[in-house]
Amino acid sequence: MSSFAGAQVDSIPPVVAFTGSTAAYRVSPDSLDAAVDYQARDSMDVDLVNQRIHLYGAARVNYQQISLEADYITLDYGTNVVRAEPYPDSAGVLVGDPLFSDGGQEFTAKSLEYNFKSKKGIVRETVTTQDEIFIRGGKSKFVSGAIQSNDSTRSDVIYTEGAIFTSCSLEHPHFGVRTQRAKIVPNKLAIIGPSNLEIMGVPTPLWLPFGFFPLKSGRSSGLLFPSDYQYSPQWGFGFQGIGWFFPLGEHVNLTATGDIYLNGTYTINLASSYRRRYKYSGNASFSYRRLRDETPISEGLEEDISKGISINWTHRQDPRAHPTFTFGGSINFQTDLVDQRFINTYDAASKNVIRSSMNLTKTFPKLKSTLTAGLNHSQNNQTREISVNFPDARFQTQTIYPLRNLPGSQRKWYKKLAVRYGNQLRTEFEGLDTSFFTAQTLTNARYGFQQDASASLSLNVLKYFNVSPSMNYSEVYYGKTLDYFLDTTTIRTTEALDEDGNPFLDTTDFATIEELLNPGLASFRNFSAAVSVSTQLFGKILFGRRRGIFGLKGLRHVLKPSASLSYQPDNRDATDFISGLPYFISQAQIDPERGDAERFVTPFAGQLFGQPTRTEGNLGINYSLSNLFEAKVYSRKDSTDKIVKLFQNIGVSGRYQLSADSLQWSPISVNGSTRFFKGLSQVSLRAQFDPYISTYNERTRQVSRVDRTTLSERGVPVQLSSFNGTISTNLTVAKFRELFQGQEEEFVTDVAEERRKRREEEATLFEETDILSLFENFSIRHTLNFRLDREIATSEVPGARDTLRFNTTANSIELRGALNLTENWSVNIGQIGYDFTSKRITYPYLSFARDLHCWEMRFSWAPQVNTYQFSIAVKPGVFDFLEVPVNQNRYDGQRQFGR
């Protein structure tokens, strides 16, 4: 590396003795303020006559904060001018375009000439990159530090002609805004004169008299161009996403946009995002949508206007913000199905239920308890019903051992006494989305309070048995209860036959029992006690050979039996001591003529925390048997033994009622589940067997169990009353390979590392080595739900017998995935399937995309709702408002279906 100070003297000074100081030398007033450092990779040529230095190959010149790089640089130290341009390589191709940098502001050019003294230069074919914008200019004048940016820094200015502003990185960009004159302040602003849009080098009729391009990264207020242009036969021409961006302080942004159509349909959107580092973050949005529809009628056009709002809020608290307090969740709410009407996406169309949950949690370490309070919301888009629970608060203690601190060994049985307490307060509002914000919703609101306490012990008896006595007590308070009355104005119409056998309608009056929700504090209580005993039994069979029989080396059976004796007091005649209401009311008491004395209603029916269960001194034994079957299999691949679960769980459970005088045995429930083909298929089976027979009651028109055993009536201990099962299969190419190539299932130990690997795999184009590689991201799901029910024969058909009827409740197959045909072509199947039960195609959603470098072509189609979207648009960025869209929304598609 060499340097020079650019000094030039008027005449040769007389020779003087060196005194040890440079102050004796006179410096030319035209000299530079600092030394100029220069270097080159290949060679340097110093021309003393013309006062020039020629640098070849990866040349670099540094002066103060200015840096210049090129393959050929000429330093004229007589005039303080530097010239840079590319240089031909061995093949004659020009390489090494000049790169000029000034305090972090840089640009490239084909040739450059710069004066260190005047800080001005001339550049040709400049390329400046500012965030996402590429500025390509013709001949330009460059002035270093021309304007004052702030108190401490100055900014450069480039005056250029024939410039084009684009987000395309190619030397000949696919599109851009072409202008003849422009003033550019790097990292600040670009001001352009008359300009027009240019696509593929062809000027378009779209002209602008002047323009401003903000080049500063960060947040700043500004206009948001429309994100989409549309035409709807019903809504007319329109554009979406036009608005303004507002930065509100350091931590909050606000975006106000609108979707406007010429026939009067519009949407107003407000969206805000906020973030406080190490504290919290979130976003909120509000939309008001107005839909105007014109339907042709005989007299002209009928106008229909529907309105609705949607509210969304998501708040996330940083885990480091507070050790004992958290607040967060999401709120999603809409009225009149506005998202389904306006938003043309698969997610909006297929979402049947909208849920919200926003909660705060406070932990009290000293009290060993937690308080959770918040809002929960559920909205069904099919029934249009809304349910909101607010406030919804719960206080729960941890398991407390009150006797653990007493003196003595910690193994003492009384030190294992565990106590828990909890309570919950809830208010529920219900109504339709069209009338939710009315006084009727407030009138029909329900609210209640529940508290419960439990105590339990866990004892080890005779080494192999676990004995656990427990007690539970709960109280429920409601602010409203049901009042039952007899309605005598009901009219019933039945079909009958006259004397000649001709059918006619017979209309009669009869009374029905109705209910009315009345305010007033009322409560009920529950108490139960139980003692349970459990243990484990192990059995195994080993086969003597080293490799077993056909690879099977042994079987293992784990049996976990448990039994509990439980008791509940008789509450048939219980009465609330606050309101005086009985827990249960006989129908015969309400309707003495037609009421069934054996059927009861309760004032607490349909409430938030349930209703009391009518028991007559319930004393019984609950039993259960849990079974696990495993096999030890020899693996020839690695000569090791492996454990295979044949059945993950087979459970048998039931109850014997000691206090009952009849029907003491409850139905026996049997359930089990297992997996096949390394988890590809999962089977769940549930069955119910009844030791008693069931008959049809002609008077009540209901099927009920009677005190006659199947053993005495039909010679079998039990009979099957119901059987249902689920078979689900999720097949992917990766699992298919594992199944047939014998790959072992991977267990994830580091979740963060596994997610990082998956992101890298998704970002890398899969090397297509076989036909399966194309479908690597596809999955096929099949679900089969079936049910077998016993239908009880009636006496209306002589000689009829019970029958078992098989029903398929669900049988569907679904395909989804993405297919990368080439590096630029991709096809996505959002979902397509077939429901064999209803014999129809389930919501298909197909799309494809073509990468056109700086442009992108997309097409999506949802044939079930007759919608499609096609667009050729600039990729997301500064110029993404350049778009050619053709689409049909759900509203127009449904109208065409209606025709």
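The figures here come from the full heavy-atom set of this structure, side chains too, leaving out hydrogens, waters and symmetry mates.
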Check step by step if side chain to side chain contact (heavy atoms under 4.5 Å, CB included) holds for R708 and T695. CA-CA 10 Å; R708 293 183 299 184; T695 60; 3.6 Å; yes

Quick check: does any side chain N or O of S662 sit under 3.5 Å from a backbone N or O of D707, one acting as donor and the other as acceptor? no

Strictly distance-based, threshold 3.5 Å: is any side-chain N or O of Q396 a donor or acceptor partner for the main-chain N or O of Y421? yes

Could you give the side-chain donor-acceptor pairs of residues 381-389 under 3.5 Å, partners two or more places apart or in another chain?
unit_1	atom_1	unit_2	atom_2	d
N381	ND2	K351	O	2.8
Q382	NE2	N352	OD1	2.8
R384	NE	D433	OD1	3.4
R384	NE	D433	OD2	2.9
R384	NH2	D336	OD1	2.9
R384	NH2	D433	OD2	3.4

Table please: side-chain donor-acceptor pairs of residues 622-631 below 3.5 Å, with sequence neighbours left out.
unit_1	atom_1	unit_2	atom_2	d
N622	OD1	R655	NH1	3.0
N622	ND2	S566	OG	3.4
S624	OG	S562	OG	2.5
S626	OG	N649	OD1	3.1
N627	OD1	H557	NE2	2.9
N627	ND2	I650	O	3.0
E630	OE1	R556	NH1	3.1

Listing request: all salt bridge (charged side-chain N to carboxylate O under 4.0 Å, His left out) pairs with a residue in residues 564-579, at least two apart in sequence or in separate chains. R525-D576, D570-R572, R572-E616

T602 (side chain) donor-acceptor with F604 (main chain) under 3.5 angstrom: yes

Under 3.5 Å side-chain donor-acceptor pair for N811 and H782: yes

Can you tell me how far CG of L457 sits from OG of S468, rounded to the nearest 0.5 angstrom? 8.0 Å

Working to the nearest 0.5 angstrom, can you tell me the gap between Q682 CD and T674 OG1? 8.5 Å

Strictly by modelled atom types, are N376 and S357 linked by a side-chain donor-acceptor pair under 3.5 Å? yes

Any donor-acceptor pair under 3.5 Å linking the side chain of Y478 with the backbone of F609? yes

Taking everything shown except R355 itself, do over 12 heavy atoms lie less than 6.0 Å from its CZ? no

Using a 3.5 Å distance criterion without hydrogens, assess whether the side chain of T535 forms a donor-acceptor pair with backbone atoms of Y464. yes

Evaluate T729 against S681 for side chain to side chain donor-acceptor pair (under 3.5 Å), listing each step before the verdict. CA-CA 4 Å; T729 302; S681 295; 2.8 Å; yes

Looking only at atom types and distance, does a side-chain atom of R781 sit under 3.5 Å from a main-chain N or O of S728, one as donor and one as acceptor? no

Out of curiosity, R787 CZ to N724 CG, how far, rounded to the nearest 0.5 Å? 5.0 Å

Okay, side chain of T809, backbone of N785: is any donor-acceptor separation there less than 3.5 Å? yes

Has L559 got more than 12 heavy atoms of other residues, nucleotides or ligands less than 6.0 Å from its CG? yes

What one should report as the nearest heavy-atom pair of Y583 and S523 is CE1-O, 4.0 Å

Can you see whether Y834 engages E814 through a side-chain donor-acceptor pair at a distance of less than 3.5 angstrom? no

Can you see whether Q657 engages N618 through a side-chain donor-acceptor pair at a distance of less than 3.5 angstrom? yes

To the nearest 0.5 Å, what is the distance between CZ on F524 and OG1 on T613? 8.5 Å

Give a yes or no answer on whether the side chain of K480 reaches the backbone of A445 with a donor-acceptor pair at less than 3.5 Å. yes

Within a 6.0 Å radius of atom CZ on F465, are there more than 12 heavy atoms belonging to other residues, nucleotides or ligands? no

Taking atom types as modelled and ignoring hydrogens, do the side chains of S812 and D835 form a donor-acceptor contact shorter than 3.5 angstrom? no

Could you give the distance from OG (S532) to CG (L565), rounded to the nearest 0.5 Å? 10.5 Å

Any residue meeting side chain to side chain donor-acceptor pair (under 3.5 Å) with T615, in chain and number order, not counting sequence neighbours: N571

Contact list for residues 415-428, test salt bridge (charged side-chain N to carboxylate O under 4.0 Å, His left out), sequence neighbours left out: D392-R426

Do any N or O atoms from the side chain of S659 and from the backbone of G617 form a donor-acceptor pair under 3.5 angstrom? yes

Can you see which heavy atom on P667 is nearest to which on D690, and at what distance? CG-OD2, 4.2 Å

Any pair counted as side-chain hydrogen bond (donor to acceptor under 3.5 Å, both in side chains), so long as it reaches residues 664-673, sequence neighbours left out: Y656-Q664

